[in-house]
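Notes for the one structure printed next.
Just so we're clear, the structure is a prediction, and the values are computed from it rather than from any experiment. Values reported hereafter were calculated over all heavy atoms of this structure, with side chains retained and with hydrogens, waters and symmetry mates removed. Throughout, a chain's letter reflects where its sequence line sits, starting with A, and its residues are numbered from 1.
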Amino acid sequence: MAVRLCDVASLLRSGSWAPEPWTGQVIATMETQLSNGPTCNNTSNGPSTISNNCSSPVEGSIEDSKTNLIVNYLPQNMTQEELKSLFGSIGEIESCKLVRDKITGQSLGYGFVNYVDPKDAEKAINTLNGLRLQTKTIKVSYARPSSASIRDANLYVSGLPKTMTQKELEQLFSQYGRIITSRILVDQVTGVSRGVGFIRFDRRVEAEEAIKGLNCQKPPGATEPITVKFANNPSQKTSQALLSQLYQSPNRRYPGPLAQQAQRFRDLLVLILASVCVYSRFSPMAIDGVTSLAGINIPGHAGTGWCIFVYNLAPDADESILWQMFGPFGAVTNVKVIRDFNTNKCKGFGFVTMTNYDEAAVAIASLNGYRLGDRVLQVSFKTNKTHKA
DNA sequence: TCATATT
């Protein structure tokens with residue numbers, strides 16, 4: 001176990017793997033970043049843009065909100081509170097909602113954040129768009145005004161030539177309207193196209209026209225016709241998938257080394273508790289995991305999660321850098337940079353709260369000694385410091 | 001025969 005953690009840490013230090021600030025490039029997916037401002041340009045730092053049809057007269061309507069954001073590609077286990085905590089680090093939030101399946105309660109992987117100040121919304125796009133959280137790269141953009149006309153505008157396309165690129169797919173469909181997102185599914189091993197993909201239009205009527213115009217048609221140069229239909233609704237999951245999610249233990253979400261490590265820690269706690277019982281001649285009691293350990297002092301454990309102490313931050317460090325560093329390791333519920341009351345500069349340290357012990361342990365092992373700028377960070381579980389002479 | 005983008 002320790003060997004693995006050291007390996008991760010050395011990987012980080014050597015620079016061959018590191019959480020780095022977003023540079024504005026998306027490799028796995030190409031999407032159109034909508035601009036809701038009065039001008040239509042491609043200067044926003046969102047994921048790469050292929051097409052941006054600027055000819056629509058309704059685009060850039062003055063009624064478009066400049067405070068309301070849609071956040072896409074959120075990690076499955078991210079809660080509304082974590083979403084609020086993340087975006088609240090930018091500025092005051094008027095409202096925040098994580099969208100969940102009405103029946104199962106499962107996150108649909110996107111949400112909305114409405115700021116009080118439009119400047120904070122802009123800042124959130126600039127600083128949080130492209131942030132890596134666990135296995136996801138979140139997307140932050142202005143929300144379009146909610147309307148029935150923009151719903152159910154997602155198409156499933158199959159029978160595509162394996163050689164067709166995402167750009168060519170967009171070129172084929174862009175004659176029917178403004179494309180919000182496009183994707184071609186690829187074989188996970190070989191990376192070669194599976195010949196199926198998705199096109200999300202701005203409006204449902206555009207999607208309908210694309211079906212009429214392209215379903216059962218051969219793309220230029222293709223030998224076989226493609227199939228174009230409305231994509232399945234996200235709520236349409238198999239009962240088996242639902243069951244497996246419902247009965248999935250939170251401790252068993254990550255099999256392999258991490259789960260083993262977490263189990264060892266629980267085993268250790270049980271051992272400690274057992275020895276406490278023997279020492280104090282208490283009769284044996286039922287032990288039901290770490291939740292029964294209230295009252296025992298565990299370093300860094302604050303009840304709501306595992307508090308991590310981060311030392312040697314620069315004076316201009318902000319919450320965003322803590323999210324960027326710790327987010328990829330798992331569920332982060334809160335970050336805080338400690339600042340001087342008068343200068344508002346960072347006093348050199350901060351705290352990060354993570355939900356799961358195993359993820360926190362890997363984050364600490366990986367980020368302790370991490371070089372941030374010209375500083376070497378010290379990262380550990382927060383301890384309950386007592387005054388010593 | 002399908003990744004998850006409109007509360």
Side-chain angles (χ1 to χ4, degrees), chain A residues 26-36 46-47 49 58 61 63-65 67-80 83-84 87 93-102 104-115 121 125 129-130 133-160 166 169-170 177-188 191 193-207 211 215 226-238 240-242 245:
Chain A
V26 163
I27 297 162
T29 170
M30 293 196 258
E31 300 169 8
T32 302
Q33 176 79 38
L34 286 179
S35 167
N36 283 340
T49 298
V58 296
S61 162
E63 292 137 33
D64 289 0
S65 169
T67 60
N68 196 23
L69 303 178
I70 183 165
V71 187
N72 290 297
Y73 311 110
L74 293 168
Q76 173 59 223
N77 60 2
M78 191 170 192
T79 66
Q80 181 165 296
L83 182 67
K84 186 173 185 180
F87 282 79
I93 291 174
E94 190 275 329
S95 62
C96 170
K97 179 164 188 177
L98 178 71
V99 180
R100 296 180 176 278
D101 184 282
K102 284 187 177 66
T104 68
Q106 293 285 305
S107 166
L108 292 183
Y110 69 94
F112 296 88
V113 175
N114 192 22
Y115 282 99
I125 292 175
N129 182 42
L133 290 177
Q134 297 167 242
T135 62
K136 303 286 187 174
T137 300
I138 71 169
K139 181 177 175 184
V140 185
S141 53
Y142 289 111
R144 292 172 283 166
S146 186
S147 153
S149 66
I150 67 173
R151 292 179 53 184
D152 302 317
N154 195 23
L155 296 180
Y156 175 72
V157 188
S158 57
L160 294 167
Q166 195 166 20
L169 180 68
E170 282 206 1
R178 176 157 59 153
I179 295 167
I180 302 299
T181 61
S182 71
R183 172 169 293 175
I184 290 178
L185 301 185
V186 299
D187 184 284
Q188 285 207 328
S193 167
R194 293 166 54 192
V196 300
F198 295 90
I199 292 280
R200 179 180 297 277
F201 278 104
D202 181 35
R203 293 180 297 144
R204 181 179 173 91
V205 289
E206 296 169 339
I211 292 175
N215 186 33
I226 61 173
T227 301
V228 184
K229 57 205 282 192
F230 283 108
N232 290 342
N233 221 300
S235 56
Q236 294 295 111
K237 284 184 177 175
T238 67
Q240 195 161 19
L242 283 178
Q245 286 194 346

Expressed as a whole number of angstroms, how long is the span from A:Asn232:CG to B:dT4:C1'? 11 Å
Answer with base, sugar-phosphate or nothing: what part of the nucleic acid does A:Lys136 contact at a heavy-atom distance below 4.0 Å? sugar-phosphate
Closest to the A:Lys97 side chain, choosing from B:dA5, B:dT7, B:dA3: B:dT7
How many Å lie between CZ on A:Arg100 and P on B:dT6, as a whole number? 17 Å
Base, sugar-phosphate, or nothing: which does A:Leu185 touch, judged by heavy atoms less than 4.0 Å apart? sugar-phosphate
Sorted by chain and number, sequence neighbours left out, side-chain contact (heavy atoms from CB on, under 4.5 Å) with A:Asn68 holds for A:Ser65, A:Phe112, A:Asn114, A:Ala143
Taking side-chain contact (heavy atoms from CB on, under 4.5 Å) as the definition, give me every residue that meets it alongside A:Lys97, ordered by chain and number, with sequence neighbours left out. A:Gln80
Which nucleotide, B:dA5, B:dT7, B:dT6, lies nearest any side-chain atom of A:Val99? B:dT7
Would you mind classifying the nucleic acid contact of A:Tyr110 as base, sugar-phosphate or nothing, using non-hydrogen atoms under 4.0 angstrom? sugar-phosphate
Touch check for A:Arg194, heavy atoms < 4.0 angstrom, all strands: base, sugar-phosphate only, or nothing? sugar-phosphate
Of the listed nucleotides B:dT6, B:dA5, B:dT4, the one nearest the side chain of A:Ser146: B:dT6
Nearest-angstrom distance from the residue atom CG of A:Asn72 to C1' of B:dT6: 9 Å
Does any N or O donor sit under 3.5 Å from an N or O acceptor when you compare the side chain of A:Asp152 with the base of B:dA5? no
Please walk me through it: do A:Phe198 and A:Tyr156 pass ring pair (Phe, Tyr, Trp, His ring centres under 6.0 Å)? CA-CA 5 Å; A:Phe198 295 90; A:Tyr156 175 72; 5.5 Å; yes
A:Val196 side chain near A:Ile184 side chain, heavy-atom distance below 4.5 Å: no
Between the base of B:dT7 and the side chain of A:Asn68, is one N or O donor paired with an acceptor at under 3.5 angstrom? yes
Confirm from the modelled atom types if A:Arg151 and B:dT6 form a donor-acceptor pair under 3.5 Å, side chain to base only. no
Given that A:Phe230 and A:Phe112 both sit by DNA chain B, which one's nearest nucleotide is further toward the 5' end? A:Phe230
Give a yes/no on whether any side-chain N or O of A:Tyr73 is located under 4.0 angstrom from OP1 or OP2 of B:dT4. no
